[in-house]
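One structure below.
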Amino acid sequence: MRTETTPTAAQVAAPPPAGWEEARSRVYAVGLAAALPAVARPLVDTDGLTLAEPLTTRTDLPAFPTSSVDGWAIRGDGPWRIVGRVLAGNTPGPLTDDGTTVEIATGAMVPEGASAVLRIEESTVADGLVSGTPRPTPEWRQPGEEAYAGEELLPVGTPVDPAVIGLAASCGHDTLRVRRAPRAALLVFGDELLTAGPPAAGRVRDALGPAVPAWLRRYGCHVRPSDVVGPVADTLPAHVAALRAALTTADLVCTTGGTMHGPVDHLHPTLEALGADYVVNTVAVRPGFPMLLARLADPDGRVRFVAGLPGNPQSAIVALVSLVAPLLAGLAGRSMPVLPHATLAEAVPGRGDHTHLALVRLDRAAGTAYPVRHVGSAMLRGLAGADGFAVIRPGTSGAQGDRVPIVPLPLLPGERAS
């Protein structure tokens, strides 16, 4: 549904560009307002998704007193007479008599009545009796030492990774309530594009059709091979038909090219024909200026998004990290991504009144960022050796030694930066 303050595609043919930080905040907010539904998934299927409810423990952790060493559970003073053995997974009977002991394995339940656990390497055994001096600190874990039953361990919005999965399993969970993965599609625009072989005869190879789905998957999207369509013919009817079809199943449709107003740039009239509202239409950032994000809302409340990526390959990736990444964070119910900082190892020029996203390679140990070469908006060579983009704010330049924000390139779902 449109409002008077939300212009249609036709009403904003040449808008002033949004500031880069403003654009990110705006798309995150609309994504969060349209956060994807919560679903229950088996633990093994939750990596890379997001908690839709707090993770709590179903029992005390540990649930019972647990030996932290291999040794002897003893009662009273020694030497101690051996009366049994306790292995992990068993429930032992109580130790009722002073001067008795049971052999105990790491992780096994400490029997009721035990006064200490004596380490196996600090004991001796002779004639059926165990001797030694237990350490003054207990050698077992008490119930609730890590968490008490019902305690909240992680909040809503926490990304699920292998550590979270292991913690959930230790708490007794078999499934987790998570936001379902966003479904994404890609439409490649441009009659000039080749899908195989080297560029020739005025036609260039499509680099975004194979690459963008992989980037989207690294952001946690579900993209099937059939969701990648193109090149779509450079006609308005073909654009409208392709976008309408993609929107039937996708939460997010990315398009490549056609974001300006040239003779074969049909994205804007396509959005108008489908009743889309702009969230962002051009951003004051270089490269990638003509990026956009539009929103479509059905009468039943279903919301879908269209991200218009520029046709130049590096500019398209700038649009992904600038608009698509915060949108997907909102759809997943996560917090707005917080940008890390690094120290520039070399100077980086500014771009006037536009934000400059400059490709850099990171030395994470030293916390420094090195500008890379071959960074034209149509080039991918620099991107292939980069870790992210240094943010040079409008009206400034980056001097050697400056601390600047870094927009990282996406990792695999569940992967953490080193």
Side-chain angles (χ1 to χ4, degrees), residues 24-61 146-185 213 215-224 227 247-254 279 293 295-298 300-307 320-321 323-339 408 410-417:
R24 284 169 56 81
S25 296
R26 201 185 298 174
V27 299
Y28 172 74
V30 298
L32 189 61
L36 297 171
V39 293
R41 290 281 187 267
L43 290 183
V44 295
D45 295 331
T46 59
D47 188 25
L49 300 178
T50 307
L51 291 181
E53 61 183 24
L55 178 64
T56 60
T57 177
R58 299 179 63 187
T59 67
D60 291 343
L61 287 182
E146 184 175 359
Y148 292 105
E151 184 177 344
E152 180 177 319
L153 305 181
L154 295 171
V156 170
T158 299
V160 178
D161 63 12
V164 174
I165 293 171
L167 178 61
S170 73
C171 294
H173 292 281
D174 303 311
T175 63
L176 287 176
R177 294 280 293 176
V178 291
R179 300 283 179 186
R180 72 163 173 80
R183 295 185 291 261
W215 290 117
L216 290 171
R217 292 186 187 102
R218 285 175 176 250
Y219 280 122
C221 291
H222 178 61
V223 189
R224 303 167 301 181
D227 294 322
L247 288 167
T248 59
T249 58
D251 303 298
L252 167 68
V253 179
C254 292
V279 178
L293 187 84
R295 174 182 179 274
L296 297 96
D298 290 346
D300 63 2
R302 182 185 173 217
V303 177
R304 293 150 298 157
F305 296 93
V306 178
L320 278 175
V321 302
L323 299 184
V324 173
L327 173 74
L328 292 173
L331 289 175
R334 298 185 182 184
S335 300
M336 177 72 167
V338 176
L339 301 182
L411 301 166
L412 291 170
E415 189 176 2
R416 285 179 169 148

Task: R26: salt bridge (Lys or Arg N to Asp or Glu O under 4.0 Å) partners, not counting sequence neighbours - done: E22
Task: For E146, all residues meeting salt bridge (Lys or Arg N to Asp or Glu O under 4.0 Å), sequence neighbours excluded - done: R141
Contacts of [X] that satisfy side-chain contact (heavy atoms from CB on, under 4.5 Å) - sequence neighbours left out:
X	value
S170	L61, L167
R302	D298, D300, R304
A184	L216, C221, V223
A185	D227, A246, A250, V253

- [ ] Apply side-chain contact (heavy atoms from CB on, under 4.5 Å) to V164 and T46, showing your working.
- [x] CA-CA 10 Å; V164 174; T46 59; over 6 Å; no
Would a 4.5 Å heavy-atom cut-off, applied to side chains only, mark [X] and [Y] as touching?
X	Y	answer
V30	F305	yes
T56	C171	no
R24	L339	yes

Return the minimal non-hydrogen interatomic distance between [X] and [Y], and the atom names on each side.
X	Y	answer
A149	D60	N-OD1, 2.9 Å
V156	E53	CG2-CA, 3.4 Å
P326	Y28	O-CD1, 3.4 Å
L43	A168	CD2-CB, 3.9 Å
V279	V27	CG1-CG1, 4.0 Å

- [ ] List the steps, then state whether side-chain contact (heavy atoms from CB on, under 4.5 Å) holds for R218 with L320.
- [x] CA-CA 11 Å; R218 285 175 176 250; L320 278 175; over 6 Å; no
- [ ] Measure the spacing between NE2 of H173 and OG1 of T57 and express it to the nearest 0.5 Å.
- [x] 6.5 Å
TODO: Rounded to the nearest 0.5 Å, what's the gap from CG on L55 to OG1 on T158? Could you check?
DONE: 8.5 Å
TODO: Hey, could you give me each pair passing salt bridge (Lys or Arg N to Asp or Glu O under 4.0 Å) that has a residue in residues 162-181? Not counting sequence neighbours.
DONE: R180-D251
Open item on the list: Give me each pair satisfying side chain to side chain donor-acceptor pair (under 3.5 Å) with a member in residues 35-45, each pair once, sequence neighbours excluded.
Closed with: none
When the side chains of residues 328-337 are checked against the rest of the protein, which donor-acceptor pairs come out under 3.5 Å, sequence neighbours left out?
{"unit_1": "R334", "atom_1": "NE", "unit_2": "T50", "atom_2": "OG1", "d": "2.6"}
{"unit_1": "R334", "atom_1": "NH2", "unit_2": "G48", "atom_2": "O", "d": "2.9"}
{"unit_1": "R334", "atom_1": "NH2", "unit_2": "L49", "atom_2": "O", "d": "3.2"}
{"unit_1": "R334", "atom_1": "NH2", "unit_2": "T50", "atom_2": "OG1", "d": "3.2"}

